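Worksheet for the structure shown next.
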Amino acid sequence: MDPMNVTARIERVFADIRIRDPVINAFVDLTEERAFAQARRVDAHLCAGGTAGALSGMPFAVKNLFDVRGLPTLCGSKINSELPPAARDATLVTRLEDAGAVLVGTLNMDEYAYGFSTENTHYGPTRNPHHPEHVAGGSSGGSAAAVAADLVLLALGSDTNGSIRVPSSFCGVWGLKPTYGRLSRGGTFPFVASLDHVGPIAQSVGDLAAAYDAMQGADPRDPVCRPPQLQAVCDGLDAGIKELRIARATGYFEEHAEPDVLAQVKHAAEALGVTRTVEIPEAARGRAAAFVITASEGAQLHLPNLRRRAGDFEPLIRDRLLAGALLPASWYLQAQRVRRWYYERVMRQFESVDVILAPATPRPAQKIGQDTMTVRGKSMLARPNAGLLTQPISCIGLPVITAPVGTAAASDSAVMLPIGMQIIAAPWREDLCFRVARALECAGAACFARPKAICHA
Amino acid sequence: MIDEAYVKAAARIVELEIKPEELPEVVANLQHIEAFALPLLAAEIESGDELAPVWTP
C-alpha cells in the first residue's frame, strides 16, 4: 500500500457508509476519531519505511457484542445501552489493530445473539444488500451485510449455533467459524458459554486467512481459548487438495435443504472432483442438544433482568428466554451428555474423510417479517430453522468455512439470492478448510459477488 | 409433559413473574424445547458417557 493512502481510504469508507448504510442498516456506531488516529499511525509507519502487512489499512467493523473502548457493548439490546462504556477493547479488536487494520464501527445483530435474522426491534432490521426486502441473516447480520455491501472488507461476528455461517450464506460472503476454543472471546458479551465461538467474515479467502492468522493465540481473558498451537494458514493456502479425502454430506443435510441449494453444493463438489458422500450420524440429535443447551444457558445468563424488566427484552426472544429459564436440569444435563456421545460418533467419520461439504442453510434469505418458509414441501418457522444445518456442527465445535457457492430461489419469492456451503473439518484443522476454500475460489466455484445495486460514494 | 401448571410452579421457584397474557406463549415455547429434549432423553447412552460442560475438542 502506498504511504499516505490509508487516511484517504478511510475517508472514503466513512463517506460510503454515510450514503449507503441508511438503506442497509448494518452499522450501529461509527468510530471515526479512533479510525483516523489508527489510519495516521499506519500511514506514518509506512512513510517511515515500515512493512505493509496483509491487513495494513484494511477497514473492519465488529458485531456490537465485541467490547470497543469508550462504547457500551449493546449486544443488540436496549438493556445494555445503560451499561457504562467498555473500559478496554476485546482481545480480537486489539489483535487486528496491532496488525494494522482500522476499526470503523460496530454492527447490528439479533438481541443477545438469539436469532438468525437480525430483525432487531430496537435498532431496526439489517437488510440484505442483494435485495433489501430480505433479511441479512443473523445473528451477525450487520457483519455479513457490511462486508457484502462493500462498506468494509472484514468484519467480526460470533457463532453459537450458526450466527456467522447463516448470514454469510444469506449475504454471499466468506465466513469462518473456527474450532471451539481457537479464537479468544475475551471482551465479548456471552450468549451460551458452552457453544460460543467468534470469527471473521470477508470478501475473499485471502482476507479471511490474513485475519485468522492475525487473531490467533491463547488469552487468559477467555478460559476456553486454549489452542494446541498457532496455525498460520496464509502461506499454505495454495497447497492444493490432491491428497485430501473430501466427501459431500448426505442424510440429514440433504433432507433439510431445497433441491436448488443441494444442486449448488453438488456443483461446487464436482468442481473439486469430489465424488464421495458421507453421512454425519445422529445430526438431528446433535442439533437437539444444541437447542436445549442454548435455551437453558441463554436464559440463565439473563435471569436477573428477566425477573426485573422482562418487558425491555426484544419481543422476538422474550418468551423463548422465559421458557428457557424453566426447563428441568435433567434436560440440560442429558443434552450435554448426548453432545459428547454425538461428538465421538462424528469423530469416527473423520478417520476416513478429512473434509465434509454440506449446505449452510436450507434455502436463501427469507423476506423481512416473513414467519414461515417451506423446505422440501414442509412448512416451518423461518427464523429458528435457518440454523437447521449449522447447529449440528457447532454443537461439537468443529471448524467450518462458509463458501458463497451460487444462488437459489428465496422462499415465497421469485428472487434469486446467495447460498453458502459449509466446508467442515475435524477439530483444529482450520488449515484444511482454508485449502479447500482456496481451491474452490481458484476453480471459480465459489466467490463473493458484489450486489448489483452497489454504487460507491 | 409440559403444561400451564408446570410453568406456573417452575416460575414460582425461580422467582420469575409470567404475566397471564404471556403464559400461552411461554408454555408453547417450553413445549417446543421439550420436543427437542425427548429424543435426547431417549438416546441409548451409557452411564459412563460423561457430560461436557466445558468443551475441549
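Here is the naming used below: chain letters follow the sequence lines, and residue numbers restart at 1 for every chain. On a predicted model such as this, the values are computed, not experimentally measured, just so you know.
In this structure, A:Asp159 pairs ionically with A:Arg165, as a charged nitrogen and a carboxylate oxygen lie closer than 4.0 Å.
Contact annotation: the side chain of B:Leu40 never approaches that of A:Trp331 to less than 4.5 Å [non-hydrogen atoms, C-beta and beyond]. The closest side-chain heavy-atom distance from A:Arg287 to A:Tyr342 is not below 4.5 Å. Side chains of A:Pro281 and A:Gln349 form a contact here, defined as non-hydrogen atoms less than 4.5 Å apart. For the pair A:Met373 and A:Pro362, the minimum side-chain heavy-atom distance is below 4.5 Å. A:Phe350 has its side chain out of reach of A:Val278: every pair of non-hydrogen atoms, C-beta onward, lies at least 4.5 Å apart.
Residue with the most contacts toward chain B among A:Pro328, A:Ala323, A:Ala289: A:Ala323 (heavy-atom pairs, distance under 4.5 Å). Counting heavy-atom pairs closer than 4.5 Å to chain A, the top residue among B:Glu22, B:Glu34, B:Glu17 is B:Glu34. Comparing A:Val338, A:Leu398, A:Leu326 by how many heavy-atom pairs each has under 4.5 Å with chain B, the most go to A:Leu326. No other option in B:Ala11, B:Pro39, B:Ala28 has as many heavy-atom pairs under 4.5 Å with chain A as B:Pro39.
Contact annotation for B:Glu46: only backbone heavy atoms (N, CA, C, O) come within less than 4.5 Å of a heavy atom of chain A. Only the side chain of A:Arg318 has a heavy atom closer than 4.5 Å to any heavy atom of chain B. No part of B:Val27 comes within reach of chain A, as not one of its non-hydrogen atoms sits under 4.5 angstrom from that chain. Contact annotation for B:Ile33: both backbone and side-chain heavy atoms come within less than 4.5 Å of a heavy atom of chain A. At a 4.5 Å heavy-atom cutoff, the contact between B:Ile2 and chain A is made by side-chain atoms alone.
Ring geometry, A:Tyr114 versus A:Phe191: the interplanar angle falls from 30° to 60°, so the pair is classed tilted.
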